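Source: prediction; values computed, not measured.
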Amino acid sequence: MRVLFMCTANSCRSILSEAVFNHLAPQGFQAVSAGSFPKGQVLPRSLATLQQAGIAIAGLSSKGNDAFADNPPDIVITVCDKAAGEACPVYFGPALKAHWGLEDPSEVVGDEAAVDAAFQATLARIEQRCMAFFALPFETLAPEVLKRELQRIGRL
């Protein structure tokens, strides 16, 4: 199963989600990420946060969803935060869609400890959601039930 995590810039939340998902994923699951307006580079703080958690960063890059036109995902999960007033990217295709909004830790203003805490909290929330995702009984879930479960996980 292929999951696409989408955000606006594909430099922080979607990158963190891709990396955590792949770090935890059992065989047969793969995540990629993209942005509706890709920044073109991953935030160094995102990479540092992943490395501190022991999560591989090789191959992570900021890209648009056109990079996956030849290999479309089964599920698209947007991670932009509606509360921040940003436009959530839209992916048109047959994939199941869900929204797992995350506040943008790169927007946190404060000292190093406050920014680090925001990134760590975001990483923990992504891990919680990914673990709930992998606990689903995929072999028995009808698409409409899977969509409901994805929406439930997005509220965790």
Side-chain angles (χ1 to χ4, degrees), residues 1-39 41-65 67-68 73-91 95-110 112-138 141 146-156:
M1 178 175 294
R2 188 169 162 91
V3 176
L4 171 61
F5 287 98
M6 287 199 69
C7 201
T8 308
N10 189 220
S11 64
C12 185
R13 293 165 289 180
S14 53
I15 293 286
L16 294 173
S17 297
E18 173 188 0
V20 170
F21 185 98
N22 287 332
H23 181 73
L24 299 171
Q27 187 172 356
F29 289 86
Q30 178 200 22
V32 292
S33 66
S36 52
F37 299 99
K39 193 173 200 164
Q41 67 179 26
V42 177
L43 289 176
R45 174 77 74 166
S46 298
L47 298 175
T49 300
L50 291 167
Q51 285 180 309
Q52 289 168 0
I55 298 171
I57 63 168
L60 295 175
S61 66
S62 178
K63 58 212 156 295
N65 63 359
F68 308 105
D74 301 299
I75 297 172
V76 175
I77 299 173
T78 53
V79 293
C80 46
D81 181 19
K82 290 181 183 178
E86 61 186 296
C88 213
V90 176
Y91 176 84
L96 282 177
K97 295 163 188 75
H99 181 70
W100 292 2
L102 294 165
E103 292 180 21
D104 190 346
S106 69
E107 296 292 319
V108 169
V109 177
E112 284 296 309
V115 175
D116 188 53
F119 272 84
Q120 294 303 322
T122 300
L123 205 64
R125 192 158 188 206
I126 293 167
E127 182 177 354
Q128 177 189 24
R129 289 174 175 176
C130 287
M131 294 301 287
F133 177 89
F134 293 128
L136 294 174
F138 290 97
L141 288 181
L146 177 55
K147 183 165 180 63
R148 263 195 321 272
E149 286 297 305
L150 291 172
Q151 292 167 337
R152 177 189 62 79
I153 291 169
R155 293 187 295 271
L156 294 178

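No more than 12 heavy-atom neighbours from other residues, nucleotides or ligands sit within 6.0 angstrom of CD on Glu103. Lys63 NZ: more than 12 foreign heavy atoms inside a 6.0 Å radius.
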Sequence neighbours excluded and cut-off under 3.5 Å, please list the side-chain donor-acceptor pairs for residues 46-61, or say none.
residue, atom, partner, partner atom, Å
Ser46, OG, Ser11, O, 3.2
Thr49, OG1, Arg45, O, 2.8

For residues 119-135, tabulate all N or O donor-acceptor pairs below 3.5 Å that involve a side-chain atom, not counting sequence neighbours.
residue, atom, partner, partner atom, Å
Thr122, OG1, Ala118, O, 2.9
Arg125, NE, Leu156, O, 3.0
Arg125, NH2, Leu156, O, 3.1
Arg129, NE, Leu156, O, 3.4
Arg129, NH1, Trp100, O, 2.9
Arg129, NH1, Gly101, O, 3.2
Arg129, NH2, Gly101, O, 3.3
Arg129, NH2, Gly154, O, 3.0
Arg129, NH2, Leu156, O, 3.2

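Partner of Val76 under the side chain to side chain contact (heavy atoms under 4.5 Å, CB included) criterion, chosen from Asn65, Leu96, Leu4: Leu4.
Side-chain contact between Val3 and Pro73 is absent, with no heavy-atom pair separated by less than 4.5 Å. Using a 4.5 Å heavy-atom threshold, the side chains of Phe138 and Leu146 count as touching. Between Cys80 and Met6, every side-chain heavy-atom pair lies at or beyond the 4.5 Å cut-off. The closest side-chain heavy-atom distance from Cys12 to Asp104 is below 4.5 Å.
Contact between Ala31 and Asn22 at its shortest, heavy atoms only, is N-OD1, 2.7 Å. The heavy-atom pair separating Ser14 from Ser33 by the smallest distance is O-CB, 3.4 Å.
Applying the salt bridge (Lys or Arg N to Asp or Glu O under 4.0 Å) criterion to Arg152, with sequence neighbours excluded, gives Glu149.
Note that CG of Leu141 is 14.0 Å distant from NZ of Lys147, once rounded to the nearest 0.5 Å. Put simply, CD1 on Ile77 and CD on Glu18 are 12.5 Å apart, with the number rounded to the nearest 0.5 Å.
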Inset, instruction - Might you work through the side chain to side chain contact (heavy atoms under 4.5 Å, CB included) test for Ile15 and Asn10, ending with a clear yes or no? - result: CA-CA 6 Å; Ile15 293 286; Asn10 189 220; 3.6 Å; yes

Inset, instruction - Take Leu102 and Leu16 through the side chain to side chain contact (heavy atoms under 4.5 Å, CB included) test and state the conclusion after the steps. - result: CA-CA 11 Å; Leu102 294 165; Leu16 294 173; over 6 Å; no

